[in-house]
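Some notes on the structure that comes next.
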Amino acid sequence: MPQIIDGKEISTAIKEELKIEVGKLKEENIYICLAVIQVGNDPASSVYVGNKKKACAYIGIDSLSFELPEETTQEELLKLIRDLNEKKEVNGILVQLPLPKHIDEDEVIRAIDPKKDVDGFHPQSVGALCIGQHGFVSCTPAGIIQLLKRSGIEIAGKECVVIGRSNIVGKPMALLLLRENGTVTVAHSRTKDLKEVSKRADILVVAVGRPKMITKEYLKEGAVVIDVGIHRNENNKLCGDVDYDDVAPVCSAITPVPGGVGPMTIAMLMHNCVEAGKAQ
Ligand code: NDP
């Protein structure tokens with residue numbers, strides 16, 4: 001049976017480490033504060049925002065909550081972000097996505113001070129990652145690197161294939177694996193013969209957004225499989241982009257869904273908040 005990469009356990013360990021660090025910072029009178037902005041009341045977004053605030057409370061980070069109505073204008077949202085950029089006591093600003101259709105997400109992300117961009121979505125943060133400079137890294141891919149490292153999986157010199165090229169998962173994931181000296185291939189919907197490409201992988205990261213698409217036909221025996229996908233099936237059960245039962249006998253290590261990549265995203269957000277607080 002493969003090694004099960006336990007995201008719950010690893011994210012808990014990270015949160016415990018951060019809790020201790022935040023406690024020590026408080027002794028030096030350094031308090032960390034995250035501002036969380038939600039526009040509208042999409043139920044999934046409300047759950048994510050609630051979980052982020054809970055994690056802040058657990059670690060000892062203050063959170064300021066801004067719940068704005070659906071009809072909030074672009075200018076009103078930008079003004080709030082500019083005000084929060086100026087507030088010394090706010091270290092991180094998080095705008096929960098997706099935003100209502102009448103709001104230009106890119107402009108909103110660009111308005112956040114890169115020093116407070118704890119989601120790592122600002123073009124300056126992405127650019128810094130690309131050229132190997134210091135900056136915030138998108139939380140899900142950063143969490144995957146922690147999963148690999150803390151499970152004792154070597155990245156340097158490995159063939160890494162990332163399926164998916166979104167700005168929040170696929171692209172930063174590829175850049176991070178490259179930073180860790182992996183040999184990286186990025187596959188997407190226009191890739192010819194995806195099975196042949198993904199079979200090269202020693203480490204396969206799947207972020208396609210299609211339930212159970214990846215079966216053992218896509219895998220080299222002994223590969224490490226990281227499943228980023230989250231879907232709810234007709235029985236309300238969670239599953240990933242990987243067909244876990246089919247793939248597990250063939251791979252050497254795998255992340256389950258739930259309990260793999262998912263819990264890492266919030267842990268890395270908390271990590272970014274602590275880094276923001278220390279840097280400011
Ligand atoms: P997107 O829909 O933005 O991107 C999907 C990517 O997969 C695209 O690059 C697309 O290619 C590619 N793709 C789609 N179909 C195929 C195919 N048949 N063959 C090859 N490539 C394909 O998704 P995200 O990156 O935002 O998310 C991916 C998954 O991860 C989702 O299930 C999402 O719910 C989950 N997720 C989980 C998180 C967590 O915390 N665990 C956080 C974020 C996302 P192209 O660019 O050519 O269209």
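Both ligands and their constituent atoms are indexed starting at 1 by order of listing. For reference, positions follow the sequence shown, starting with 1.
With sequence neighbours excluded, no residue satisfies salt bridge (charged side-chain N to carboxylate O under 4.0 Å, His left out) with K212.
At least one donor-acceptor pair closer than 3.5 Å links the side chain of D117 to the backbone N or O of F121. Within the 3.5 Å criterion, the main-chain N or O of G209 finds a donor-acceptor partner in the side chain of D241. For T265 (side chain) and C139 (main-chain N/O), no donor-acceptor pair under 3.5 Å exists by modelled atom type. Side chain of S138 to main chain of I168: a donor-acceptor pair is present (N/O by atom type, distance under 3.5 Å, no hydrogens or angles). Remark: the backbone N or O of K158 is not paired with any side-chain donor or acceptor of D202 at under 3.5 angstrom. Judged purely by atom type and a 3.5 angstrom limit, N91 has no side-chain atom pairing as donor or acceptor with the backbone of C273.
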Next item on the list: Go through the steps to decide whether K79 and E76 satisfy the test salt bridge (charged side-chain N to carboxylate O under 4.0 Å, His left out), and finish with yes or no.
Entry: CA-CA 5 Å; K79 181 175 182 316; E76 284 165 337; over 6 Å; no

Next item on the list: Before giving the answer on salt bridge (charged side-chain N to carboxylate O under 4.0 Å, His left out), spell out for K220 and E159 the whole-Å C-alpha distance, their side-chain angles and the decisive distance to 0.1 Å.
Entry: CA-CA 11 Å; K220 173 167 81 182; E159 286 286 341; over 6 Å; no

Next item on the list: Step by step, work out the side chain to side chain contact (heavy atoms under 4.5 Å, CB included) result for R179 and L175.
Entry: CA-CA 6 Å; R179 191 164 86 179; L175 291 167; over 6 Å; no

Checklist line | Derivation of the side chain to side chain donor-acceptor pair (under 3.5 Å) call for E217 and T215 | finding: CA-CA 5 Å; E217 284 81 51; T215 54; 2.8 Å; yes

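Within the 4.0 Å heavy-atom criterion, neither part of T191 lies near ligand 1. When non-hydrogen atoms are compared, ligand 1 lies under 4.0 Å from the side chain of T265 (C-beta onward) but not from its backbone.
With ligand atoms numbered from 1 in the order given, ligand 1 contributes 19 (N), 20 (C) to contacts under 4.0 Å with heavy atoms of L194. For ligand 1, the atoms lying closer than 4.0 Å to a non-hydrogen atom of G164 are 6 (C), 7 (O), 9 (O). Near H231, meaning under 4.0 Å from any of its heavy atoms, are these atoms of ligand 1: 32 (O). Near G262, the atoms of ligand 1 lying under 4.0 angstrom from a non-hydrogen atom of the residue are 41 (N). Close contacts between ligand 1 and D241 involve ligand atoms 29 (C), 32 (O) [criterion: under 4.0 Å to a heavy atom]. Below 4.0 Å from some heavy atom of M213 lie the following atoms of ligand 1, by number and element: 17 (C), 18 (N), 19 (N). Close contacts of ligand 1 with V261, meaning ligand atoms under 4.0 Å from a residue heavy atom, involve 41 (N). Near G229, meaning under 4.0 Å from any of its heavy atoms, are these atoms of ligand 1: 29 (C), 30 (O), 32 (O), 35 (C).
Looking at atom 42 (C) of ligand 1, its nearest protein heavy atom turns out to be T140 OG1, 3.4 Å. Among all non-hydrogen protein atoms, the one lying nearest atom 27 (O) of ligand 1 is V169 CG2, 4.4 Å. The protein atom (non-hydrogen) at minimum distance from atom 47 (O) of ligand 1 is S189 OG, 2.5 Å. Among protein heavy atoms, atom 1 (P) of ligand 1 sits closest to S166 CB, 4.1 Å. Looking from atom 14 (C) of ligand 1 to the surrounding protein, the closest heavy atom is R210 NE, 3.5 Å. Scanning the protein heavy atoms around atom 31 (C) of ligand 1, the nearest turns out to be G209 CA, 3.6 Å. In terms of protein heavy atoms, atom 33 (C) of ligand 1 is closest to I230 N, 4.3 Å. Taking atom 7 (O) of ligand 1 as the reference point, the nearest protein heavy-atom neighbour is V208 CA, 3.4 Å.
Residue-to-ligand polar distances keep R190 apart from ligand 1: every N/O pair is separated by 3.5 Å or more.
The option from V228, I163, V257, I214 that lies nearest to atom 35 (C) of ligand 1, judged by heavy atoms, is V228. The residue from M264, R165, H188 that puts a heavy atom closest to atom 46 (O) of ligand 1 is R165.
Closest approach of I93 to N85, counting heavy atoms only: CD1-OD1, 3.2 Å.
Applying the salt bridge (charged side-chain N to carboxylate O under 4.0 Å, His left out) rule to pairs touching residues 51-64 yields K53-E67, sequence neighbours excluded.
Heavy atoms of G170 come nearer than 4.0 angstrom to ligand 1 in no pair at all.
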